[in-house]
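A quick write-up on the structure given underneath.
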2 protein chains.
Amino acid sequence: MLSITCQTAIKAITYIASKYPENKKVGLKEIAIHINESEHTIGKVLQKLSKLSLISSHKGPKGGFFISKTQHNLPLLLIVKAIEGDSYFEMCGLGLSKCSDKHPCPIHKDFKPVRESFRKFCAKMTIGDLYSDLNVGNAFLIG
Amino acid sequence: MLSITCQTAIKAITYIASKYPENKKVGLKEIAIHINESEHTIGKVLQKLSKLSLISSHKGPKGGFFISKTQHNLPLLLIVKAIEGDSYFEMCGLGLSKCSDKHPCPIHKDFKPVRESFRKFCAKMTIGDLYSDLNVGNAFLIG
DNA sequence: ATAATAAAGGACAAGTTTGTCCTTTATTAT
DNA sequence: ATAATAAAGGACAAACTTGTCCTTTATTAT
Ligand code: FES
Ligand code: FES
């Protein structure tokens, strides 16, 4: 399960990305309304993504958050790793210090493929992909 | 990702179950050593599983934890649900209040199958299955 | 019956994650 | 230049999870 912080990050970046076609920047207040989270909380997590250049931002009037064409093509994986930590997709399901075929925990054989399928999906899906269904009303960020 | 508490529960129950063939009860101290967790912490979580009859216990000298034949065949799913909550396998990956095909979040289409494959594995694997590899040295609870 | 043992249970302590506020810095428009 | 705007950043507060301790209760053996 992804942490609440990571879920917020994904929803926020999805909303920001959804304005990419119109080339519009969005502010914290606007994001807060559309993903139903506190402005402060969103600000905090976007700060982190911004520092890592996963999203872009401009200060001042007419400022806000937006994504570049390059960022538009970044995989969801980078956001998850940024928030959950780089080793998120290598962790043992039972908390052993290291997940390994040589020294497996009792659920390793079945857990690893599940974890791997989630990783693959995160690696394949881009930030751009996240909002396509949203913009045609086939996906939602609230509810 | 399963919570630390749930990981501890699974490791503890696996160790308890591993003594099922010998028909031996195990105490908190012994479990603590073999799964490398604090005795107190394990006691707390086993209390819960015991109350739900997912494991059995006897107080007093020669007491300890053990599993019955029926419990031996219970699916891992019940342990996970007991600790993480009944709706664990129905939760939206982005934290929407309800995961639904009709009102999906942007990752629903890909997330749901992953979640479902994890659920299926938990439903299929029994407590008895957990220790079989352990007892022949092909799986580990520590490291 | 008594003493020893071991889980059950309650209370609370520590640690981690999440959320809030306030000040600073950068940008824009006047 | 000045004022207004909006993100960046630091500090702290609240909530939740995890870990520890201590007392009670049940069981066993003497
Ligand atoms: S060792 Fe536990 S999941 Fe791989
Ligand atoms: S609605 Fe988000 S995972 Fe189903």
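Being a predicted model, the structure only gives us computed values, none of them experimental. Within every chain, numbering begins at 1; the chains are lettered A, B, ... in the order of the sequence lines, protein sequences first and strands thereafter.
Side chain B/K51 to base C/dG9: no donor-acceptor pair is found below 3.5 Å. If you check distances only, the side chain of A/K44 does reach the base of D/dG10 with a donor-acceptor pair under 3.5 Å.
As rounded to whole Å, 11 Å separates atom C1' of C/dA7 from atom CD1 of B/I31. Rounded to a whole Å, the CD1 atom of A/I42 is 16 Å from the C1' atom of D/dA8. Separating the NZ atom of A/K48 from the P atom of D/dG9 is a distance of 13 Å, rounded to the nearest angstrom.
At a threshold of 4.0 angstrom between heavy atoms, the contacts of A/L28 are confined to the sugar-phosphate backbone, with no base atom among them. A/S3 comes within contact range of the sugar-phosphate backbone alone, with a heavy-atom separation under 4.0 Å but no base atom that close. Within the 4.0 angstrom heavy-atom criterion, no nucleotide atom of any strand lies near A/G43.
Ion pairing between A/K124 and A/D129 fails under the 4.0 Å rule for side-chain N and carboxylate O.
For A/S57, no side-chain nitrogen or oxygen approaches OP1 or OP2 of D/dA6 to under 4.0 Å. Between B/S50 and C/dA8, a side-chain N or O to OP1/OP2 separation shorter than 4.0 Å is present. For B/T41 and D/dT20, the shortest distance from a side-chain N or O to OP1 or OP2 is below 4.0 Å. Distances shown here put every side-chain N or O of B/H58 at or beyond 4.0 Å from the OP1 or OP2 atom of D/dT27.
Contact check of residues 78-96 of chain B against DNA chain C (heavy atom, cut-off under 4.0 Å) returns no residues at all.
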Watson-Crick and G-U pairing of DNA chain D written in dot-bracket, each distance under 3.5 angstrom, with | for inter-strand partners: ||||||||||||||||||||||||||||||
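Classification of the A/F66-A/H58 ring pair by plane angle, with boundaries at 30° and 60°, yields tilted.
Here C/dT28 is the nucleotide among D/dA8, D/dT27, C/dT28 with the atom lying nearest to any side-chain atom of A/K62.
Between the side chains of A/Y20 and A/Q71, no donor-acceptor pair of N or O atoms lies under 3.5 Å.
Residues B/C122 and B/P75 come closest through the heavy atom pair O-CB, 3.7 Å.
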